[in-house]
Amino acid sequence: MTEAARFRAINVGNIDSLPEWQALDPDLRRAVRVVAAVLPFRTNQYVVEELIDWDKVPEDPIFQLTFPQQGMLSAQDFATMADLIDGGAERPVIDEAANRIRATLNPHPAGQMTHNVPEFECGPVDGIQHKYRETVLFFPNRGQTCHAYCTFCFRWAQFVGPKELRFGTDDTELVGSYLKAHPEVTDVLITGGDPLIMKTRVLRRYIEPLLKIEHLTSIRIGSKAVAYWPQRFVTDDDADDLLRLFEEIVAAGKHIALMGHYTHPVELRPGVARRAAKRIVSTGANIRMQSPVLRHINDDPDDWAHLWRSGVRLGCIPYYMFIVRDTGARSYFEVPLADAHAIFRRAYRQVSGLSRTVRGPSMSATPGKIRVAGTAEVSRQKVFVLEYLQARAPDRVGIPFFAEYDENAAWFDELRPLQEQDRWLFEDGSPRPKHPAQTIPIEMVRGRPPRDHRPERSSRKGMKAP
Ligand SMILES: *Cc1c(COP(=O)(O)O)cnc(C)c1O
Ligand code: SF4
């Protein structure tokens with residue numbers, strides 16, 4: 001594939017045109033089609049030609065990352081769909097069955113989805129989300145798709161569901177007024193989907209108003225384009241404009257961080273991917289690398305060490321290793337906490353201090369981002385040592401606490417606190433109703449923020465909270 005290739009999405013509709021696909025075992029092709037009738041499937045020509053090693057399919061990590069896998073559905077759901085498809089059922093019949101299965105895969109009502117999901121798995125599009133005091137997440141509606149879809153991603157409900165509220169260009173004003181009313185916010189994290197699916201001139205309309213807000217120190221963009229479509233920074237028509245925008249952010253006295261979603265070291269192997277990283281860094285932007293740890297994809301510590309080393313060589317900064325949140329297909333990708341920690345530690349201990357900026361493995365749970373710091377023995381009992389990296393209640397950050405060790409536990413809500421102090425730390429610490437950490441509907445952002453969303457006044461100034 002030439003470096004200056006044009007973006008071409010691949011989905012069930014055009015996959016048959018790929019020679020790599022035609023050469024696959026028919027059973028495997030059928031399995032992908034069956035699962036793709038339920039869960040969204042989108043990859044692209046660059047991913048197919050440059051990242052997937054077709055001799056290793058189906059085990060190839062990037063095939064696992066972008067092609068629906070049989071194991072993502074229960075045996076029963078798979079059989080139901082397979083029967084319909086093999087039997088040549090009509091489209092509406094297939095869709096109805098698919099919707100029924102989706103409903104069982106996604107136990108969360110739309111409104112609730114956002115406040116638990118980490119930003120790379122991105123919730124619904126209500127506009128902005130303000131969970132941790134310093135950082136506001138911003139979901140521009142024009143950025144609600146991606147250059148390819150990750151099979152583990154929670155956002156599939158949005159990709160296949162009905163269109164949500166539109167976030168028109170005027171709404172940058174609303175976000176601006178919310179931010180101005182919240183001087184405690186230093187960071188805006190623009191996320192999606194993938195905001196870099198937008199043309200630079202559209203992205204610019206969202207970013208420029210932010211540059212005038214004095215108390216903002218940092219603008220972050222969460223993106224997987226660095227891995228799925230690095231041409232975005234190198235050869236796309238507006239690649240240079242994008243880099244110029246980054247330079248303007250720096251010139252305006254703010255930090256720009258690209259939260260680069262790198263999942264596997266192979267994503268940094270193509271020359272165009274390395275050039276993309278170098279060009280981004282040359283603008284004064286940082287690239288911070290993050291990914292969940294996923295079975296079938298990157299559950300090998302050597303892959304992580306390799307990824308961080310490759311990134312550091314290009315000037316990237318390893319940032320987070322996440323634990324995968326309960327997606328519909330979680331059981332397929334799930335790595336128990338104990339194993340995730342072992343993977344983290346085995347990777348961490350083989351890299352230099354410049355890679356040890358990474359933190360993890362971390363769960364983005366309701367009360368905050370919780371790191372599994374390790375295991376220990378307390379009163380002859382084996383425990384997990386946990387720590388908040390971020391919390392809705394900031395006073396909890398940095399206090400180690402314990403949970404009973406459980407080798408199968410894969411999420412915070414499967415853990416039991418060890419003692420009273422820990423019980424407090426297990427709770428959702430949001431000082432409701434003053435600080436409801438949740439998606440803030442657009443109406444609330446309009447004009448003066450309602451009382452519930454105003455920052456708590458600092459007691460240092462001798463003011464009482466309203
Ligand atoms: C992860 C996350 C952030 C950013 O946290 P940092 O630790 O500052 O990177 C902000 N808001 C939400 C809801 C998050 O999940
Ligand atoms: S790039 Fe991010 S938002 Fe898009 S499918 Fe992957 S994890 Fe989900």
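With values rounded to the nearest 0.5 angstrom, F7 atom CZ is found 9.5 Å from D236 atom CG. The NZ atom of K131 lies 6.0 Å from the OG1 atom of T366; values are rounded to the nearest 0.5 Å. Distance CH2/W411 to CD1/I323: 7.0 Å, rounded to 0.5 Å. Separating the CG atom in D422 from the CG atom in L415 is a distance of 11.0 Å, to the nearest 0.5 Å. Interatomic distance, OG of S362 versus CD of Q290, reported as 10.0 Å (0.5 Å rounding). Between I256 atom CD1 and I221 atom CD1 the span is 4.0 Å, to the nearest 0.5 Å.
Remark: F426 engages F401, F412 in a ring-ring contact (aromatic ring centres under 6.0 Å, His included) (not counting sequence neighbours).
At least one donor-acceptor pair closer than 3.5 Å links the side chain of R274 to the backbone N or O of R269. In this structure a side-chain-to-backbone donor-acceptor pair under 3.5 Å is missing from W304 to Y348. T357 contributes no side-chain N or O that, together with a main-chain N or O of I317, makes up a donor-acceptor pair within less than 3.5 Å. Counting only distance, with no hydrogens or angles, the side chain of T151 and the backbone of L65 share a donor-acceptor pair below 3.5 Å. Panel note: side chain R392, backbone Y132; no donor-acceptor pair is recorded below 3.5 Å. A donor-acceptor pair is defined here as one N or O able to donate and one able to accept, closer than 3.5 Å; such a pair exists between the side chain of H215 and the backbone of H182. In terms of modelled atom types and a separation under 3.5 Å, the side chain of T66 and the main chain of Y149 share no donor-acceptor contact. A donor-acceptor pair under 3.5 Å links the side-chain atoms of D194 to the main chain of A225, judged by distance alone.
Counting heavy atoms from C-beta on, the side chains of E387 and P400 never come closer than 4.5 Å. Within the 4.5 Å cutoff, the side chain of R295 has no heavy atoms near those of the V324 side chain. A 4.5 Å side-chain heavy-atom check between F344 and V372 finds every atom pair outside the cut-off. Under the 4.5 Å side-chain criterion, counting only non-hydrogen atoms from C-beta, K369 is not in contact with M363. The side-chain heavy atoms of S291 and F322, taken from C-beta on, include no pair separated by under 4.5 Å. Contact of the V312 side chain with the V351 side chain is not registered, since no non-hydrogen atoms from C-beta on lie closer than 4.5 Å. No side-chain heavy atom of Y320 sits less than 4.5 Å from a side-chain heavy atom of M289.
Residues K224 and E267 are paired through a salt bridge, judged by an N-O separation under 4.0 Å between the basic side chain and the carboxylate. Salt bridge annotation for E96-R100: present, with a cationic side-chain nitrogen under 4.0 angstrom from a carboxylate oxygen. Between D237 and K199 there is no salt bridge, since no side-chain nitrogen of the basic residue lies less than 4.0 Å from a carboxylate oxygen of the acidic one.
Screening D187, T191, N286 for a side chain to side chain donor-acceptor pair (under 3.5 Å) involving R220 leaves a single residue, D187. For the side chain to side chain contact (heavy atoms under 4.5 Å, CB included) test with I15, the passing option among V48, I10, V32 is I10; the others fail.
A cation-pi geometry, defined here as NZ or CZ lying under 6.0 Å from the six-membered ring centre and within 45° of its normal, does not hold between R371 and Y388. Judged by a 6.0 Å distance limit and a 45° cone about the ring axis, R313 is not positioned over the six-membered ring of W308.
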Checklist line | salt bridge (charged side-chain N to carboxylate O under 4.0 Å, His left out) evaluation trace for E184 with R133 | finding: CA-CA 7 Å; E184 77 280 19; R133 197 170 50 192; over 6 Å; no

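Ring pair Y228/Y46: centre-to-centre distance not below 6.0 Å.
Heavy-atom minimum distance, V335 versus A410: O-CB, 4.3 Å. Closest non-hydrogen pair, V38 versus R102, comes out as O-NE, 2.6 Å.
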In residues 239-253, what donor-acceptor pairs under 3.5 Å come from side-chain atoms, sequence neighbours left out?
unit_1	atom_1	unit_2	atom_2	d
D240	OD1	R279	NH1	3.3
D240	OD1	R279	NH2	2.9
E248	OE1	R204	NH1	2.7
E248	OE2	R204	NH2	3.2

